[in-house]
**Q** 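Please find one structure pasted underneath; my questions will follow.
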Amino acid sequence: MVGGVCAQSIEDARAQYNEFVNLWSSGEQGVNAYNVLYQCHGECYALLDASSKGSDEWVESKNLLVKIMPFVRNAVYFYFERNNKQRACEFSAAYIDVIIHESLRGDESLLQEDYGKFSWLAAMGACNSKDFAKAIEYLSVYINSDDIENKAKAYYYMAMCYDNIDDSQYARHVLEQGLTLFPDDMQMLTRIINILEKTIGKSEEDDALLQRYVAKALQFRPNDENLLSVQGQLYELAGMYEQSIGVYARLKEIKPQIPEFSRHLAENNYNAAVVCVHKLQELQSLDGRKDKKEIKRLNELAGSYFAEAAGLFNQLMLKDGWNIKYAYPIAYAYSYLGDDDNLARVNGRIKESGYKAIVDHGGMEIVDFDKSVARAKFVHKPVHEKKPVKPQPVIAQAPKPVMSDVDIDIPVNDPTNVNTFVTIIANEKYNEVAHVPNAENDGRIFAEYCNKVLGIPRSNISTHFNVTYGQMLDAIEDIKEVARIVRENSDSCNVIVYYAGHGVPDEETKDAYILPVDATGKQMRVCYPLSELYRELGSVGADCTTVFLDACFSGATRKDREMLISARSIAIDVDESEVNGKLVIFSAATGDQTALSYDEKSHGMFTYYLLKKLKESNGDVTLAELGKYITDNVELQARLKNHKKQTPTVVPGTGFSDDWQMLRLR
């Protein structure tokens with residue numbers, strides 16, 4: 001159902017079209033004509049979806065839509081000029097629905113220069129009507145258009161739409177991607193801060209990312225109470241008490257009436273003092289000559305923090321009454337300061353409350369005041385165990401991708417490819433080395449293409465994300481066993497194996513290995529050799545095993561255990577002598593080239609053009625045609641965008657002669 005119209009018959013669609021043409025020809029080129037035009041669009045569009053592809057009804061409804069498109073475009077301007085934004089949005093949606101329909105995609109005559117503006121209007125109309133899923137679709141079209149006027153807002157509204165369909169995780173990743181392009185956008189900064197703030201303290205990585213965004217937002221709103229409060233909490237969680245003191249001191253100046261700021265200021269002064277005391281104890285325990293100057297400085301600094309903490313805690317208890325969790329830090333402070341009178345007074349109150357008085361300050365530890373309610377729970381975590389993490393600078397994890405043109409409107413074919421089996425391994429989140437941007441999205445969307453475009457039943461597709469060495473072995477063993485069983489019971493069997501992620505070369509043997517997420521590339525025995533992969537797959541006995549490798553085979557900087565951040569690094573150079581059996585290997589690059597990421601499209605560049613060709617051809621493409629398309633486009637795009645050479649390769653196994661070139665995946 002489109003535009004409120006249900007598909008009836010081609011006669012109804014034709015009648016609507018003729019009525020519009022008669023009105024237009026007679027000079028009725030206003031609201032009445034456009035109302036009929038809208039009904040005609042709805043009839044044709046619904047019929048196009050309801051008809052069998054290639055049928056007479058399908059062909060005629062498609063042709064009618066092409067004929068009315070210029071008038072639909074005129075209608076947008078007609079209503080926009082008359083300030084009827086709702087109607088302008090409806091016709092914009094009608095226009096975009098046609099150009100992204102699977103039957104009309106690629107028709108350049110429909111794709112006018114203003115389609116970006118129309119997709120924006122369509123998205124706003126869908127947002128206003130709370131059709132958030134449709135709004136996301138239109139916003140994806142807009143983001144991939146050349147229009148830049150509302151690009152930052154598009155990311156913001158897309159995140160809002162995901163929030164409204166209860167997908168806050170995806171909303172976060174959309175905002176992260178938007179902020180890489182528009183780092184100063186306050187709307188996106190505010191929204192992602194609100195998302196990350198809900199999980200504060202659960203992940204050091206997320207806390208560090210949150211601190212980065214908060215620091216950026218404070219450049220524009222230096223006295224924003226909420227931003228400062230979040231920053232103070234983050235410093236506190238990271239054990240950066242001196243910095244937290246500075247933040248809460250500012251907050252106390254801005255809003256002196258709020259006791260929460262005084263509480264945090266008192267607690268951070270106390271913990272900062274304890275840090276100084278522990279540093280003093282370490283210095284004083286050293287053998288040989290002691291740094292008297294540093295000992296004096298730390299002693300004075302600890303005293304200053306303790307004095308400030310004691311004063312603030314006393315003020316809090318004057319307002320809120322006696323509180324045992326504040327009594328102990330006050331007593332420790334007085335003990336350190338040598339204030340025996342006040343120490344005796346506080347110890348007396350502690351004993352009256354049924355708790356044990358302190359003797360000296362030797363047992364002071366960092367305190368989590370939110371958790372400690374009595375002496376038995378007072379000690380939280382010793383300073384020497386705490387590992388402060390500086391929130392800045394931080395390299396953000398690659399965001400989950402915004403949908404690109406190959407992620408939407410994927411063609412759908414009947415699931416008749418029942419004797420083809422697929423294993424997909426996508427390693428993005430590595431434990432010890434840099435993540436691989438977009439690898440998970442590569443694997444996820446490739447699985448969709450296997451099912452929808454190549455017609456492979458979902459039960460035949462096995463996906464594995466962020467796998468260890470053992471899991472990788474299991475995945476390959478599973479596909480081998482499946483192929484064996486199928487070969488015993490069927491005349492045909494085909495296998496597809498896809499890998500996106502890191503790899504690593506053995507510096508001594510120059511052999512290439514796939515890198516599991518729990519490996520670093522230092523111990524080759526826990527990495528998966530490509531030669532072993534080819535040997536295993538060559539033995540499955542399939543009619544054809546097609547392997548796609550969008551992989552990162554990096555020269556790692558072993559000193560700091562980092563790998564290249566934004567490139568899929570040193571790529572595979574397939575040794576043809578290793579490819580035995582009926583295999584065809586598609587690899588992302590050759591020699592010492594880099595297999596690049598295509599961030600604007602949320603994929604590896606190799607995978608993007610693999611998917612794009614499958615989409616454009618509806619899967620009806622030979623392996624030779626597919627290889628040529630990928631190579632030609634990746635070579636050009638890598639040079640234009642990155643000024644680098646990247647040449648994908650296609651290598652057949654020894655079990656094939658030239659007949660592999662005419663094989664198809666579907």
Side-chain angles (χ1 to χ4, degrees), residues 204 207-208 211 215 218 228 231-253 261-315 326-347 357-369 372 378-394 559-560:
E204 288 184 350
D207 286 350
Q211 180 66 279
L218 282 169
L228 287 169
Q231 188 180 56
Q233 291 179 62
L234 290 168
Y235 281 140
E236 192 172 295
L237 284 167
M240 301 170 71
Y241 303 114
E242 293 183 46
Q243 292 87 337
S244 190
I245 288 168
V247 173
Y248 282 111
R250 284 180 63 193
L251 282 166
K252 193 170 182 293
E253 290 177 4
F261 298 153
S262 294
R263 180 178 72 83
H264 278 285
L265 194 56
E267 294 168 359
N268 281 285
N269 268 283
Y270 177 82
N271 283 335
V274 174
V275 170
C276 292
V277 170
H278 281 248
K279 288 180 179 178
L280 277 168
Q281 292 170 347
E282 290 176 7
L283 283 175
Q284 291 167 346
S285 67
L286 295 176
D287 295 331
R289 185 175 178 182
K290 295 181 172 61
D291 188 342
K292 294 181 180 179
K293 186 176 180 180
E294 179 64 7
I295 289 174
K296 180 181 179 183
R297 187 190 71 82
L298 288 171
N299 188 45
E300 290 175 351
L301 190 58
S304 174
Y305 284 138
F306 275 132
E308 183 70 15
L312 289 166
F313 280 133
N314 277 317
Q315 291 175 20
Y326 294 152
Y328 276 106
I330 292 173
Y332 277 122
Y334 286 144
S335 172
Y336 189 88
L337 294 168
D339 190 339
D340 295 336
D341 292 340
N342 275 318
L343 175 60
R345 176 179 59 81
V346 175
N347 266 336
I358 71 163
V359 177
D360 56 38
H361 55 270
M364 287 186 297
E365 302 292 350
I366 294 295
V367 178
D368 183 337
F369 287 90
S372 64
F378 186 67
V379 175
H380 175 51
K381 198 171 188 181
V383 171
H384 62 273
E385 292 181 8
K386 197 166 186 72
K387 298 178 180 179
V389 177
K390 293 184 178 180
Q392 300 180 62
V394 172
K559 182 178 179 181
D560 55 13

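Nothing here was measured: the structure is a model prediction, and the numbers come from that model. In this chain, numbering begins with 1 at the start of the sequence shown.
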**Q** Salt bridge check: are R250 and E253 linked by an N-O gap of less than 4.0 Å?
**A**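 Result for this pair is no, no salt bridge flagged.
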**Q** Determine whether N299 and Y336 satisfy the following criterion, side chain to side chain contact (heavy atoms under 4.5 Å, CB included), listing intermediate values before the conclusion.
**A** CA-CA 10 Å; N299 188 45; Y336 189 88; 2.5 Å; yes
**Q** Compute the centroid of each ring, for Y270 and then for F306, and state whether the two points are separated by less than 6.0 Å.
**A**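 Centroid distance Y270-F306: below 6.0 Å, so yes.
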**Q** For Y241, run the side-chain contact (heavy atoms from CB on, under 4.5 Å) check against N271, V274, N269 and tell me which one passes.
**A**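 When N271, V274, N269 are each tested with Y241, the side-chain contact (heavy atoms from CB on, under 4.5 Å) holds only for N271.
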**Q** Taking all non-hydrogen atoms of both residues, which atom of L343 and which atom of A331 are closest, and how far apart?
**A**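 Of all heavy-atom pairs spanning L343 and A331, the closest is CD1-O, 3.4 Å.
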**Q** First locate atom OG of S262, then atom CD of E267, and finally report the distance between them rounded to the nearest 0.5 Å.
**A**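 So the OG of S262 and the CD of E267 are separated by 11.0 Å.
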**Q** List the atom of L312, the atom of A266, and the distance in Å for their closest heavy-atom pair.
**A**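 Heavy-atom minimum between the residues: CB-CB, 3.5 Å.
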**Q** Rounded to the nearest 0.5 Å, how far apart are CD of E294 and CG of L301?
**A**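 Rounded to the nearest 0.5 Å, the CD-CG separation comes to 9.5 Å.
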**Q** Measure the spacing between OH of Y332 and CG of L337 and express it to the nearest 0.5 Å.
**A**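 Interatomic distance, Y332 OH to L337 CG, rounded to 0.5 Å: 14.5 Å.
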**Q** Taking atom OH of Y305 and atom CD of E300, what is their separation to the nearest 0.5 Å?
**A**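 So the OH of Y305 and the CD of E300 are separated by 13.0 Å.
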**Q** At what distance, to the nearest 0.5 angstrom, does CZ of R345 lie from CG of D339?
**A**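 Those atoms lie 8.5 Å apart.
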**Q** Please work out whether the ring planes of H264 and Y248 are parallel, tilted or perpendicular, with thresholds of 30° and 60°.
**A**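 Parallel.
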**Q** Taking all non-hydrogen atoms of both residues into account, name the closest pair between Q211 and Y235 and its distance.
**A**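 In terms of heavy atoms, the two residues are closest at NE2-CE2, 3.4 Å.
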**Q** Step by step, work out the salt bridge (charged side-chain N to carboxylate O under 4.0 Å, His left out) result for K279 and E282.
**A** CA-CA 5 Å; K279 288 180 179 178; E282 290 176 7; over 6 Å; no
**Q** Evaluate the side-chain proximity of D207 to E204: yes if any heavy-atom separation is below 4.5 Å, no if none is.
**A**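 No, their side chains stay 4.5 Å or more apart.
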**Q** Give the minimum heavy-atom separation between I245 and L265, together with the two atoms involved.
**A**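 The pair with the smallest heavy-atom distance is O-CD1, 3.5 Å.
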**Q** So how far is it from L283 CG to I295 CD1, rounded to the nearest 0.5 Å?
**A**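 Taking CG in L283 and CD1 in I295, the distance rounds to 5.5 Å.
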**Q** Can you give me the closest heavy-atom contact between L251 and F261, atom names plus distance?
**A**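 Reported closest heavy-atom pair: O-CD1, 3.6 Å.
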**Q** Locate the shortest heavy-atom distance separating A302 from V277; write the atom from each residue and the value.
**A**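 Scanning both residues, the minimum pair turns out to be CB-CG2, 4.3 Å.
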